[in-house]
Student: 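Here you go, one structure.
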Amino acid sequence: MLELEEWWKDNTADPLNLFGRRRVGKSWLFRKLAHGKKAIILVAEKTTPAQQLSKMAEQLEPFLGVRPAIRDVGDLFLILYKIAEQEKILIVVDEFPDLLGSSKVEITKSLSAVQAAIEKGKDSSKIKLILCGSALAQMESMQELKSPLHGRLRRFELSPLTFSEARDFFQGDDVIDHLTRYSVSGGMPKYLAHLSSGDFAKAVCDKIVSPNSPLYNEVESLLESELRDPATYFAILAELTIRPKETREIAEAIGKETKLISEYLNTLQVLRIIRKKLPVGADPKSRSNQWECIDGFIRFCFRFVLPYKAHLEAGADARIHVSNHIMPVIAEHTSLEFERVFRRWVSQNFPTAAHVGNWWGKAIHGLAHSTEEIDLIGIKGKKVILLGEAKWQNEKLKVAVHSQLVTNKIPALEAAGLLVPSSRVVILASRSGFTKEVLDLANSDPLVQLIEATDLLRGVV
């Protein structure tokens, strides 16, 4: 919000390109900015250009004293700039891509007309213009070199709230409970509002799992509005509910060839639902990449709601479903979010590490499993500065976690070409504390550092 207020106060004539996923809070944000200011908010709709422009002409009539004749998008923007010639006005065009047409030719023509209006009116108008939209690919493309609006917009992507930002939604100071709720919300303000108070299991039941709940059909509604061939996208997301996977694993699981799902994966990445990641320190051209679902709400629904919809709609008790199938394993769902917050905390508190992330690679020593995974490593060049493991479980962290790190995982790191000096720090984070053996180890070895989850969650920014 502070950044938007600064944009409002400065003298720049550059419009703001405000974009982000549906439900991320764009409308709330620009309406908050508009509070107490002279403002016009226009919302484009999926209808014919004539209907859209006629409705907007009606909205603009009180500001002009006469209903304007708006023949096309270029006329609309010329009028918007004219309205603000005498005084500073905030003007928002929400769902801007719906104004531009459907074909590439129509979109380019419309953007060129907008660009011409901006150039003509920017020196004589006091307008503060926001172009807002949820069509991420189209909104981002306006910044590209080939776009008529290249170099004329200030980019502002609104992302889901981080855990520290979301804490204002919660009551009390139980940060363990807060992270659990946050992990289900995906950081989306609307979902946080539904899950922020009261008994957690009841909130999950009443707001998400019950067929009559407000968020019961939310995932299908969001995805089906954004995607063609939703069945394939749904199959991919179902495979990413518990852990990240390689492209090959996903393809095999859903019965499609690897090359045929690349476009689907890339689309989900553009929508900020999944992301491709590499082990920290790996060559950017490495094929050791994995895909992970970074939206906790979507992961939750694909794991705990969508597979059971027929059962729930046939009359199964949603409260019993939550009690039997969700609450016993909710810690497993939350653990992925705890690992992300752990990495964020380490990045903030150990600046000597240039890159912080998780790592996976080939196991050695003839172990039964084929890969090793480390929740966190921090590197500078090829040198490992620190390593860490985060455990979100009901039992105390055992010394075996450290032993396995030293005996199995560090050798795998070294075999992958990373340098692990004896001076590297090991950080262990735990929701439920540490056994006496781990406490003794940390007391005797200054390179082993322990952090309780409560302290970590309160300290992360």
Side-chain angles (χ1 to χ4, degrees), residues 4-5 7-19 26-135 138-139 141-143 147-156:
L4 288 186
E5 289 288 358
W7 169 80
W8 166 258
K9 292 175 184 177
D10 68 29
N11 294 321
T12 179
D14 292 340
L16 200 69
N17 179 14
L18 172 62
F19 63 97
K26 300 183 297 299
S27 296
W28 177 90
L29 189 66
F30 65 64
R31 290 180 187 279
K32 180 78 171 176
L33 177 66
H35 182 71
K37 301 176 178 68
K38 187 167 185 179
I40 301 172
I41 297 175
L42 305 174
V43 182
E45 299 173 348
K46 294 185 183 298
T47 183
T48 66
Q51 287 176 313
Q52 297 225 53
L53 297 174
S54 175
K55 180 181 177 181
M56 290 181 179
E58 182 180 351
Q59 289 179 265
L60 295 174
E61 183 175 357
F63 297 91
L64 295 166
V66 63
R67 182 171 298 191
I70 306 178
R71 297 165 300 177
D72 54 31
V73 174
D75 279 353
L76 171 64
F77 278 83
L78 287 171
I79 291 168
L80 295 181
Y81 273 81
K82 183 176 180 59
I83 288 174
E85 282 183 346
Q86 301 302 317
E87 61 180 325
K88 191 175 184 179
I89 302 177
L90 174 67
I91 300 182
V92 180
V93 181
D94 195 14
E95 298 304 341
F96 174 66
D98 287 342
L99 270 180
L100 304 178
S102 55
S103 70
K104 288 185 178 180
V105 172
E106 289 174 326
I107 292 170
T108 300
K109 182 180 179 181
S110 294
L111 289 175
S112 296
V114 173
Q115 179 262 331
I118 291 174
E119 290 302 311
K120 183 174 182 179
K122 67 179 182 179
D123 293 331
S124 59
S125 180
K126 299 177 182 178
I127 190 173
K128 298 297 285 188
L129 176 64
I130 296 179
L131 305 179
C132 183
S134 303
Q138 199 165 348
M139 294 297 290
S141 70
M142 294 193 304
Q143 307 284 154
S147 169
L149 295 183
H150 170 73
R152 294 172 176 83
L153 303 176
R154 178 171 169 179
R155 185 181 189 275
F156 191 104

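These numbers come from the heavy atoms of this one structure, side chains and all, not from hydrogens, waters or symmetry mates.
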Student: Ignoring hydrogens and angles, tell me if any N or O in the side chain of Arg31 forms a donor-acceptor pair with the backbone of Leu29 under 3.5 Å.
Tutor: no

Student: Please find the pair of heavy atoms, one from Met142 and one from Phe96, that lie closest to each other, and give the distance.
Tutor: SD-CE2, 3.4 Å

Student: Does the pair Glu5/Lys32 count as a salt bridge with the N-to-O cut at 4.0 Å?
Tutor: no

Student: Any pair with a residue in residues 96-115 that passes salt bridge (charged side-chain N to carboxylate O under 4.0 Å, His left out), sequence neighbours left out, goes on the list, sorted by first then second residue, please.
Tutor: Lys46-Asp98

Student: Would you call Pro97 and Met139 a side-chain contact if the rule is heavy atoms closer than 4.5 Å?
Tutor: yes

Student: Working to the nearest 0.5 Å, report the span between OG of Ser112 and CG of Leu149.
Tutor: 8.0 Å

Student: Do other residues, nucleotides or ligands put more than 12 heavy atoms under 6.0 Å from the CZ atom of Arg71?
Tutor: no

Student: Looking at every non-hydrogen atom in both residues, tell me the closest pair between Asp75 and Asp72 and how far apart they are.
Tutor: N-OD1, 2.8 Å

Student: Does the Ser54 side chain pair with the main chain of Gln51, one donor and one acceptor, at a distance under 3.5 Å?
Tutor: no

Student: Quick one: are Leu16 and Leu129 in side-chain contact, heavy atoms under 4.5 Å?
Tutor: no

Student: List the atom pairs, with distances to 0.1 Å, where a side-chain N or O of residues 83-92 and a protein N or O form a donor-acceptor pair under 3.5 Å, not counting sequence neighbours.
Tutor:
unit_1, atom_1, unit_2, atom_2, d
Glu87, OE2, Lys38, NZ, 2.5
Lys88, NZ, Trp8, O, 2.4

Student: Check step by step if side-chain contact (heavy atoms from CB on, under 4.5 Å) holds for Leu111 and Ser147.
Tutor: CA-CA 8 Å; Leu111 289 175; Ser147 169; 4.3 Å; yes

Student: Which value, rounded to the nearest 0.5 Å, describes the distance between Glu61 atom CD and Gln59 atom CD?
Tutor: 11.5 Å

Student: Counting only heavy atoms from other residues, nucleotides and ligands, does the tally under 6.0 Å from NZ of Lys26 exceed 12?
Tutor: yes

Student: Is a donor on one side and an acceptor on the other found under 3.5 Å between the side chain of Asp94 and the backbone of Ile41?
Tutor: no

Student: Side chains of Glu95 and Cys132: does their closest heavy-atom pair fall under 4.5 Å?
Tutor: no

Student: Where is the tightest heavy-atom contact between Pro15 and Tyr81, given as atom of each residue plus distance?
Tutor: CG-OH, 3.8 Å

Student: In the structure I gave you, are the side-chain heavy atoms of Phe77 and Val93 within less than 4.5 Å of one another anywhere?
Tutor: yes

Student: Can you tell me how far CG of Leu4 sits from CZ of Phe30, rounded to the nearest 0.5 angstrom?
Tutor: 11.0 Å

Student: Given 3.5 Å as the limit, does a donor-acceptor pair link the side chain of Lys128 with the main chain of Trp7, or not?
Tutor: yes

Student: Any side-chain heavy-atom pair from Arg152 and Glu119 closer than 4.5 angstrom?
Tutor: yes

Student: Are any of the side-chain heavy atoms of Asp14 and Ile118 separated by less than 4.5 Å?
Tutor: no

Student: With respect to Asn17, which candidate in Arg155, Gln143, Arg154 satisfies the side-chain hydrogen bond (donor to acceptor under 3.5 Å, both in side chains) definition?
Tutor: Gln143

Student: How many angstroms lie between CG in Leu60 and CG in Leu53, if you round to the nearest 0.5 Å?
Tutor: 10.0 Å

Student: With side-chain contact (heavy atoms from CB on, under 4.5 Å) as the criterion, how do Ile40 and Leu42 come out once you've worked through the C-alpha distance, each side chain's angles and the decisive distance to 0.1 Å?
Tutor: CA-CA 6 Å; Ile40 301 172; Leu42 305 174; 3.9 Å; yes

Student: For Leu18 and Leu131: C-alpha separation, side-chain torsions, deciding distance, then whether side-chain contact (heavy atoms from CB on, under 4.5 Å) applies.
Tutor: CA-CA 6 Å; Leu18 172 62; Leu131 305 179; over 6 Å; no

Student: Apply side-chain contact (heavy atoms from CB on, under 4.5 Å) to Leu76 and Met56, showing your working.
Tutor: CA-CA 8 Å; Leu76 171 64; Met56 290 181 179; 3.7 Å; yes

Student: Hey, could you give me the CD1/CD1 distance between Ile70 and Ile79, rounded to the nearest 0.5 Å?
Tutor: 4.0 Å

Student: Quick one: closest heavy-atom pair of Ser110 and Leu99, and the distance?
Tutor: OG-O, 4.4 Å

